[in-house]
Amino acid sequence: MKTLIDPGHALARGLLAIRTQYQVPESFPPEVLAAAEAAARRTPAEHLDRTAEPFVTLDPASSTDLDQAFSIQTAGGDLLLRYAIADVAWFVGDGDPIDTEAWRRGETLYLPDGKAPLYPPVLSQGAASLLPDGPRPAVIFTVRVAGDGAVTLDGAERALIRSRAKLAYDSVSEADLPTGFTELSRRIAAAETARGAARVDPPDQEVSAAGGGAYQLAFRPRLAAEDQNAALSLATNMAVADTLVSHHTGLFRVMAVPDARAIARLRNTARAYRLDWPDAQSLDDYARTLDAADPHEAAFMLAIRRAGQGASYTPYRDGVKPWHAAMAATYAHVTAPLRRLADRYVVEATLAIANGRPVPDTVAAAFETLPKVMAKAEARGGDIDRAVIDLAEAVMLSSDIGERFDAVVTDANDRGARIQLCEAPVVVRVPATGVAPGDAVRVRLSTVDVDKRSVTFERIG
């Protein structure tokens with residue numbers, strides 16, 4: 001998709017409207033801020049001292065809410081990933097004002113003009129964030145990664161750590177990273193391939209600040225360091241999930257495979273992008289061949305991500321194996337407690353199990369209520385993301401009214417046809433009869449309403 005520059009500030013006005021429509025919090029109630037200030041002044045007394053270990057963080061350069069730090073050690077043919085996670089539960093007490101507000105929010109909301117954090121910045125971007133400006137309380141998970149990429153949780157402990165460096169995806173070099181980082185990532189990727197995982201990590205379609213109050217819409221390609229770093233989180237999340245299942249408790253991330261109708265729509269979308277997806281090749285196998293550097297393949301990767309039924313949370317149930325189809329594994333979220341409410345409770349459960357203690361009753365009870373809370377939070381976050389993209393697309397197309405576009409029908413019913421533009425990742429409905437999925441059509445952009453974040457096309461051939 002072409003880059004959009006917004007000198008007229010239509011996006012800025014639209015973003016304000018989105019914040020109002022979805023009731024994005026501007027700040028925190030005074031009692032929550034006061035409680036966070038008090039929590040930030042607490043001095044850890046029961047954490048082990050691991051400040052001598054060479055932990056580092058790796059994130060986008062602008063990030064300040066740092067959930068994870070890591071170091072890597074060797075143990076014979078295995079690698080030991082020491083993954084430190086922000087110890088949010090040490091700062092936040094059950095039922096205190098910070099906790100109550102976090103349950104209302106569920107997760108951090110991200111918009112191009114700023115985020116609405118799950119926890120007050122004095123914690124999420126300060127005392128609880130694993131920044132390299134002093135010791136921080138953390139929970140360290142020790143994950144053993146075998147030569148074939150198999151992972152097991154060797155232990156978990158509360159400890160003080162000191163990050164040696166705040167590394168950034170776009171500037172990190174191999175010399176900056178712990179020895180074994182690349183090999184560990186390779187092992188995890190090889191294990192994904194072996195078990196038939198179908199994770200698709202397209203470049204993000206995002207609206208970002210362009211300076212001078214303007215914004216731009218563009219694809220942000222995923223960098224190699226970003227994919228390698230994701231392998232560390234994946235290893236930890238899988239090791240934790242296996243531990244929880246073996247102890248008949250936990251909260252898991254589950255996802256079903258795309259159904260036959262979704263697969264059929266994707267094949268038509270591939271035709272729209274002029275991609276060669278062999279009829280005999282499965283979606284999983286084809287997805288692994290895609291190159292995010294190619295704009296059409298990157299757009300198709302986005303289509304794959306949006307085609308499934310989506311991931312959700314579920315508590316442990318006897319006799320039911322929680323399964324994440326894209327990961328081809330049992331999977332949990334544990335590595336982002338500053339940004340996701342559920343992770344705090346998974347951290348606490350795993351910490352208890354690893355140290356021979358029962359899972360706290362408050363944590364077990366939370367596993368039953370968190371799926372609904374997280375579903376609501378994710379739905380709002382998804383609505384906001386879509387509204388931002390719709391807004392940006394409307395602004396982008398506002399100067400193209402009357403222009404003609406090639407498109408392919410991806411779905412059709414008595415209400416019309418859903419079409420995919422061939423030169424942009426834009427999917428819209430048009431009134432059309434006598435068409436079938438896979439048909440090529442020609443459309444004209446007839447109206448654009450930036451305030452309503454809508455565009456309409458008419459079929460002309």
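Start at 1 with the first residue, then count along the sequence. In this text, all values refer to a predicted model and were calculated from it rather than measured experimentally.
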Report task. Report the C-alpha separation of D390 and S454 in whole Å, then their side-chain angles, then the decisive distance to 0.1 Å, and conclude whether the side chain to side chain contact (heavy atoms under 4.5 Å, CB included) test is met. Result -> CA-CA 7 Å; D390 288 346; S454 69; over 6 Å; no
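- The closest donor-acceptor contact from the side chain of T20 to the backbone of L16 lies under 3.5 Å.
- Crowding of E46 atom CD: a count of heavy atoms from other residues, nucleotides or ligands under 6.0 Å not exceeding 12.
- Only one option out of D154, I72, V143 pairs with L80 in a side chain to side chain contact (heavy atoms under 4.5 Å, CB included); it is D154.
- A 4.5 Å side-chain heavy-atom check between I188 and L184 finds at least one atom pair inside the cut-off.
- I353 and T249 get closest at one heavy-atom pair: CD1-CG2, 3.7 Å.
- One distance of note links OG of S163 with CZ of F70; it measures 9.0 Å at 0.5 Å rounding.
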Report task. Begin with the C-alpha distance, continue with both residues' side-chain angles, and end with the deciding distance and a verdict on side chain to side chain contact (heavy atoms under 4.5 Å, CB included) for T350 and L244. Result -> CA-CA 7 Å; T350 309; L244 293 173; 3.9 Å; yes
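- In this structure, R187 contributes its side chain and V145 its backbone to a donor-acceptor pair below 3.5 Å.
- Shown here for F91 and A127, the closest heavy-atom pair between the two residues is CZ-O, 3.5 Å.
- Using a 4.5 Å heavy-atom threshold, the side chains of D67 and L130 count as separate.
- Judged by distance alone, with hydrogens and angles left aside, the side-chain atoms of N237 form a donor-acceptor pair with the main-chain N or O of V334 at under 3.5 Å.
- Between the side chain of K376 and the backbone N or O of R104 there is no donor-acceptor pair closer than 3.5 Å.
- Pairing each heavy atom of L341 with each of L118, the nearest pair is N-CD2, 3.5 Å.
- Going from atom CZ of R288 over to atom OG1 of T193 covers 6.5 Å, rounded to the nearest 0.5 Å.
- Annotation: the span from T64 atom OG1 to L131 atom CG amounts to 7.0 Å, rounded to 0.5 Å.
- Remark: T108 OG1 to D65 CG distance equals 6.0 Å, nearest 0.5 Å.
- For T369 (side chain) and A366 (main-chain N/O), a donor-acceptor pair under 3.5 Å exists by modelled atom type.
- Each of R253, K372, R105, R339 was scored for a salt bridge (charged side-chain N to carboxylate O under 4.0 Å, His left out) with E378, with one residue passing: R253.
- Two residues are said to be in side-chain contact when any heavy atoms from C-beta on lie closer than 4.5 Å; L397 and F405 meet this criterion.
- If you take CG on L48 and CD1 on I140, they are separated by 8.0 Å, rounding to the nearest 0.5 Å.
- Counting heavy atoms from C-beta on, the side chains of P315 and P371 come closer than 4.5 Å.
- With respect to the salt-bridge test (charged N to carboxylate O, under 4.0 angstrom), the residues E393 and R386 do not qualify.
- Considering all non-hydrogen atoms of both residues, T335 and S233 come closest at OG1-OG, 3.7 Å.
- Under 3.5 Å, the side chains of Y345 and T362 contain no donor-acceptor pair of N or O atoms.
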Report task. Mind running side chain to side chain contact (heavy atoms under 4.5 Å, CB included) on F141 and L81 for me, showing each step along the way? Result -> CA-CA 8 Å; F141 294 115; L81 169 63; over 6 Å; no
Query raised in the report: Going through the distances and angles, do E107 and K115 end up as a salt bridge (charged side-chain N to carboxylate O under 4.0 Å, His left out)?
Result: CA-CA 11 Å; E107 67 178 19; K115 61 190 173 188; over 6 Å; no
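- Without hydrogens or angle criteria, T100 side chain to P97 main chain gives no donor-acceptor distance under 3.5 Å.
- Considering only heavy atoms from C-beta on, I85 comes within 4.5 Å of Q68 through its side chain.
- Note that CG of D148 and CG of D78 are 9.0 Å apart. Values are rounded to the nearest 0.5 Å.
- The shortest distance between side-chain heavy atoms of D242 and L153 does not fall below 4.5 Å.
- Across every non-hydrogen atom of R344 and P337, the tightest pair is N-CB, 4.0 Å.
- Residues V346 and H333 form no side-chain contact, since every pair of their non-hydrogen atoms from C-beta on lies 4.5 Å or further apart.
- When atom types are taken as modelled, the side chain of D449 and the backbone of K452 share a donor-acceptor pair closer than 3.5 angstrom.
- No donor-acceptor pair closer than 3.5 Å links the side chain of D99 to the backbone N or O of D94.
- Between P132 and K166, the closest heavy-atom pair is CG-CB, 3.9 Å.
- The shortest distance between side-chain heavy atoms of P120 and V32 falls below 4.5 Å.
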Report task. Determine, step by step, whether Y331 and M238 satisfy the side chain to side chain contact (heavy atoms under 4.5 Å, CB included) criterion, reporting the C-alpha distance in whole Å, the side-chain angles of both residues, the deciding distance to 0.1 Å, and the verdict. Result -> CA-CA 5 Å; Y331 188 68; M238 290 179 58; 4.0 Å; yes
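- Looking at S171, its side chain never comes within 3.5 Å of a backbone N or O of L167 through a donor-acceptor pair.
- In this structure, R380 contributes its side chain and Q23 its backbone to a donor-acceptor pair below 3.5 Å.
- S185 and Q228 form no side-chain donor-acceptor contact under 3.5 Å, judged by distance and modelled atom types alone.
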